[in-house]
Novice: 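Sharing a structure, written as structure tokens. Questions coming.
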Amino acid sequence: MAYVQNTVERLDRPSTYFDKSKRNNRDDREREPPKEDPLKDATTLYVGNLSFYTTEEQIHELFSKCGEIKRLVMGLDRFAKTPCGFCFVEYYTHEDALDCMKYVGGTKLDERIVRTDLDPGFKEGRQYGRGKSGGQVRDEYREDFDAGRGGYGRSLQSGKEMGHEYD
Amino acid sequence: MKVLDEEVDVRGRPVGCGGGQLDIELADAIEEYFQAAADKIYNTSTVIGIVLAAMSKGVCVQRCGKLTRASQPHCVSRPEFFGVRTPKAKRVLFLPPPLSSPPSTTTTDSSHCRSTIASSLPASRALDTLTRIRTPNTMVDRGGRYERDNRERDRSSYRDQGRPQHFKKRRYQDDDERDYRQQRPRYEDPMVRLRKDVLAIAESPLIKVEDSIRSIAKSLSAHWDHEAIRKGFIALLKVLVVEQPFKIPFVAAIVLCANAQKHEIGKLVLDESAVQLQEYLDNCEWRNFKLMLRFMGSISCMLDGEGVATLLNDLANLTGLLAAEGGSSGLSEELSHVILITIPYILTAAPGGITEEFLTTLIERLEGMQVTAPIESLLAPYTGPNAPYPAMNTTALLLNALKEEANNGWKFDILARPWEPFLAELEAATKHFFPSISMPTSLTGGTIFPKLYFSVFQGAQYETVAAATSITSSILRDAIGDTIGLLDFNRIACARFLIDVDCYFAPNAFVKRATPFDKIAEVPEGRSTWKPEDICVDAIFTNIFQLPQPEHKLVYYHATLTEVCKLAPQAVAPSLGRAIRYLYRNLESMDVELRYRFIDWFAHHLSNFGYTWKWTEWIGDLQLSKVHPKRSFIQEAVEKEIRLSFANRVKSTLPEEYSGMVPEDKEKEVPEFNFEADDIAFPEEGKQLLNLIRQKAPNEEVDALMNAITEAASNKGLTDSTKYARDMYMTCICHIGAKSLSHVLSCIERCKDKLTQLGQESNQAQRQIVGTVMTYWQEQPGIGANVIDKLLNYSILTPLSVIEWVLLDAGREALPRGHAWEMVNTTTRKVVSRTRNLAAARSVPDLPEEQTAIMEQGHEVAKAEQAELFRVVMESLTGYADGTLPLPEGTQPEDAEWLKWWAASWLRALKRQSDIEEAEEAMRISGATEGEGEGDETMKEDGEGNGEGEGAGADADAGNADTMEEEA
């Protein structure tokens with residue numbers, strides 16, 4: 001059946017994050033044959049904006065409301081190996097993952113609004129933060145105080161001006 | 001000159017190259033120019049000349065090729081004339097002005113006025129006019145610009161205040177910005193505009209809906225010649241009907257009104273919707289069918305003769321046939337609901353050919369076809385002598401309410417009648433023949449369960465929701481229920497519709513939004529006392545408390561309630577509070593499954609709103625016995641909250657009196673390893689075993705130690721000597737994995753073989769493993785239940801052993817506990833879904849014979865296992881419920897009564913599951929035998945359907961369009 005546009009936006013679409021790498025070279029992409037959408041049957045979700053203190057059990061409790069969870073991978077600080085505020089939730093079916101986008105994304109867990117995004121699948125190594133100090137990049141230069149995510153950004157906390165590495 | 005890929009205005013500034021963007025007013029003028037060209041008023045060289053002249057003035061308009069090609073195929077642009085071709089502008093259209101061509105059809109005021117100017121001038125001056133129209137600085141353009149916006153202007157009655165049309169408020173920085181950005185007319189695709197307007201119909205209470213209807217109908221008839229508009233509108237209409245059912249009467253009014261202006265509109269809409277209706281019917285998509293039928297009923301006014309009457313009659317015949325078969329599939333009930341709920345909409349739509357007598361007879365006929373599904377008695381939300389209201393079937397309620405309404409002269413006060421201001425026009429409009437709809441040859445789909453009435457505001461002091469027996473209640477519940485069911489892909493939009501529910505029904509059908517409950521008393525006699533917030537909260541709860549299962553996952557309804565609360569906290573929170581109190585009051589008669597859903601929702605909801613609840617009002621109930629449903633509700637709700645958060649946080653939100661609910665032990669992240677204590681058998685060995693497993697010692701060492709323990713136990717003369725080592729081993733795994741779910745999972749994974757071996761010793765051994773896990777996690781049984789679930793997935797435990805542990809080992813004292821229900825419910829559902837999957841796999845066509853046999857065998861095994869499971873459940877629960885199994889010593893008589901009540905309640909809920917599965921299996925068997933006979937017939941039907949009719953025509957069109965695109 002032909003694609004029919006819904007009368008209101010759908011909440012189970014992936015965000016633009018995933019496509020970001022391709023955005024710049026538009027002409028190249030036009031020439032390539034259309035690739036199969038890697039998120040077509042995605043069963044994994046990236047879950048963001050968690051508190052560092054949220055436990056696997058809490059995540060399980062909320063996310064299993066959308067279907068049985070196959071695997072749960074906590075995002076860890078690259079150095080400290082402690083939770084750093086994100087995780088991957090893998091379901092058994094694509095349906096459950098979409099339902100999770102629709103029903104859980106944007107609601108609260110541990111009193112924080114969590115962000116969910118469809119993900120092509122967890123790969124070893126992705127569980128670690130990619131920020132300079134081991135956490136997520138967003139926690140590096142954050143200027144607001146977020147008690148659930150270790151206070152101010154780590155670079156600010158270290159008491160140095162931004163860009164001190166050039167000194 | 002850079003014209004081809006960018007529109008350029010006279011001063012050479014690019015206006016933008018909108019692929020697909022089209023200026024509507026200009027497009028109207030363009031049509032006429034091309035008409036002139038087609039009529040050979042110009043010869044080709046003149047056209048080229050005019051185009052060149054236009055280019056020299058910088059006038060050129062880029063249009064989306066598709067639209068133009070379709071309507072004006074002879075005017076496909078010829079960029080090669082000018083030797084310029086850029087990749088982005090493959091299809092560019094140049095606009096010569098026409099010599100003379102009066103408007104052939106009624107168009108909008110703007111284009112009409114423009115073409116009058118154009119037609120009165122010679123060609124060269126027409127070009128000048130056109131140039132000026134495109135020039136931002138002239139008044140003409142401003143007029144056009146405001147005309148585009150004139151809908152808003154009409155609404156806010158700017159004109160009524162006598163302001164000039166070009167009136168624009170001067171703003172700060174006007175001089176700087178006007179020249180460059182703000183003055184440039186913004187061109188909006190007419191379809192985009194139309195879509196926006198149609199979607200917004202009736203949404204705002206500030207805009208008079210008849211004005212919107214009139215203006216949409218007007219622009220629709222003005223632009224109907226454009227294929228994009230035609231296709232776009234039809235597509236929009238089809239999806240709007242099945243996504244936003246509240247708007248059906250309004251969309252119908254638009255169509256009626258547009259039909260009065262241009263009868264082709266009505267014809268096309270009717271034909272296309274009929275095709276869609278047929279498709280829904282053939283696919284047995286009953287809800288979509290119902291809504292499309294409702295739309296058809298709402299446009300009865302433009303239907304020739306009796307319109308949908310024949311269709312309703314056929315449907316009633318089909319219902320009769322199905323009902324005669326016994327109605328166990330629930331289809332006859334569903335169909336009669338579809339027919340009945342259409343009646344109010346037909347009667348409140350603009351008067352058509354259907355007579356009231358016909359409908360009265362129809363209702364009488366359907367009344368004779370009512371059958372009660374055998375499962376219905378198990379679906380009632382409340383049971384027992386204290387039930388707040390008896391079980392009521394919604395179809396029966398609707399039927400009776402309609403009969404009542406027939407005696408009162410079909411008032412249907414609740415429904416909006418947006419067509420009323422246009423009645424005179426509509427009656428004069430062309431009527432169309434209603435295409436015939438054929439009944440489906442085979443009816444597919446599983447069982448449709450009867451829907452029972454549920455309300456959280458029944459019998460309140462003031463009637464804030466319509467009484468169950470009234471027709472208003474049936475209409476509202478159906479419409480709101482569909483909206484919730486259809487918009488699951490955007491809960492926020494859904495919540496918005498629920499909050500705005502009063503916009504879509506008759507004016508004054510409800511009290512003002514956010515009227516406090518106690519202010520309802522001040523509503524004057526004869527006015528409505530229905531609170532819109534109560535109605536939508538009621539509708540969401542109806543879904544949550546739907547047995548056996550709601551349409552979507554429960555969490556959808558949780559999330560929607562959360563969104564509703566976020567959108568209008570002041571209005572909704574008090575309604576929600578009353579709903580919670582109502583449910584709490586009736587806990588003693590509530591079905592155990594629903595009780596669990598209530599706890600689950602309550603805790604989840606509070607977790608989204610800072611865990612605030614007026615806990616103080618339940619302090620008195622803390623004195624009740626632990627097995628009392630209310631006391632147990634409080635305990636379990638707190639428990640659930642802790643699972644979503646942590647003990648200290650929840651404790652801080654509870655009054656002092658509740659401190660007993662969150663004992664110190666719950667605050668510990670990791671429970672104590674009980675072999676630390678000395679009063680347990682073999683404490684030393686316990687610690688040794690823990691170390692061995694933790695250090696990943698080889699299996700031989702572990703086995704040696706465990707054997708030593710067993711030997712020591714039998715030497716001591718302890719009964720069942722193997723259990724000590726088993727208990728110890730599982731406790732060690734729990735303790736090592738206590739840190740988190742992934743810890744315990746990796747530990748189980750590592751010790752999988754040993755665990756499997758332990759479990760295989762006997763069924764008793766498996767039950768013991770369950771017991772060990774649950775004892776270890778006794779303060780946080782939710783985690784324990786999770787671990788059990790994982791062990792089940794590893795097949796270390798059988799479903800039966802889990803069920804037996806809960807019902808026989810934990811026993812009846814566990815029945816009031818949430819985790820006990822959760823364990824049994826998840827386990828039975830797993831078993832049931834496995835059986836269902838095997839049944840489905842078995843009936844896959846074209847499966848090799850030997851595979852079918854394997855599937856068949858697997859299914860039989862699963863079925864037997866399932867039957868055994870339910871047998872154990874029934875047997876033990878029946879024993880508890882009728883008191884044949886003796887109570888433990890020292891049970892209070894009052895507690896004994898409650899324990900019986902719990903067992904009876906569990907029994908009913910599990911009997912429901914088991915009965916449903918039996919019925920499904922029976923359906924599958926009968927379906928399989930029937931299907932063999934019918935298969936060929938359906939195939940033939942399909943084959944014919946593809947070869948002819950609209951579908952094929954549309955395909956061919958699409959094909960042509962594609963090739964044309966390539967050529968261009």
Novice: Could you tell me which portion of B:Leu554 (side chain, backbone, both or neither) has an atom closer than 4.5 angstrom to a non-hydrogen atom of chain A?
Specialist: neither
Novice: Looking at B:Ser740, B:Gly782, B:Ala493, which makes the most heavy-atom pairs under 4.5 Å with chain A?
Specialist: B:Ser740
Novice: Under a 4.5 Å heavy-atom cut-off, does chain A meet the side chain of B:Ile783, its backbone, both or neither?
Specialist: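 When you check distances to chain A, only side chain atoms of B:Ile783 fall under 4.5 Å.
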Novice: Below 4.5 Å from any heavy atom of chain A, which atoms of B:Tyr611 appear? Answer side chain, backbone, both or neither.
Specialist: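 Looking at B:Tyr611, just its side chain touches chain A.
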Novice: Look only at the side chain of B:Glu641 and the backbone of B:Val650, and say whether a donor-acceptor pair between them is shorter than 3.5 Å.
Specialist: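 No: the side chain of B:Glu641 does not pair with the backbone of B:Val650.
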Novice: Are the side chains of A:Leu45 and A:Tyr91 in contact, using a 4.5 Å heavy-atom criterion?
Specialist: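 Touching, per the 4.5 Å side-chain cut-off.
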Novice: By a 4.5 Å heavy-atom criterion (distance strictly below it), what part of A:Asp110 contacts chain B: side chain, backbone, both, or neither?
Specialist: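 Contact with chain B involves both backbone and side-chain atoms of A:Asp110.
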Novice: Report which part of A:Ile59 has an atom under 4.5 Å of a heavy atom belonging to chain B: side chain, backbone, both, or neither.
Specialist: neither
Novice: Can B:Arg195 and B:Asp189 be counted as an ion pair, charged N to O under 4.0 angstrom?
Specialist: no
Novice: Side chain, backbone, both or neither: which part of B:Lys830 has a heavy atom under 4.5 Å from chain A?
Specialist: side chain
Novice: Mark yes or no: B:Lys247 above the aromatic ring of B:Phe295, with NZ or CZ under 6.0 Å from the six-membered ring centre and no more than 45 degrees from the axis.
Specialist: no
Novice: Considering only heavy atoms, which portion of B:Leu487 lies under 4.5 Å from any heavy atom of chain A: side chain, backbone, both, or neither?
Specialist: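 Only the side chain of B:Leu487 comes within 4.5 Å of chain A.
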Novice: May I ask you to decide whether B:Lys553 forms a salt bridge with A:Asp96, counting only side-chain N to carboxylate O separations under 4.0 Å?
Specialist: yes
Novice: B:Asp488 versus chain A, heavy atoms under 4.5 Å apart: side chain, backbone, both or neither?
Specialist: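 When you check distances to chain A, atoms from both the backbone and side chain of B:Asp488 fall under 4.5 Å.
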Novice: Heavy-atom distances under 4.5 Å only: say whether B:Ser645 touches chain A with side chain, backbone, both or neither.
Specialist: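 B:Ser645 touches chain A through backbone and side-chain heavy atoms alike.
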Novice: Please identify, among A:Glu68, A:Met74, A:Arg112, the residue contributing the most non-hydrogen atom pairs under 4.5 Å to chain B.
Specialist: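 Of the options given, most contacts go to A:Glu68.
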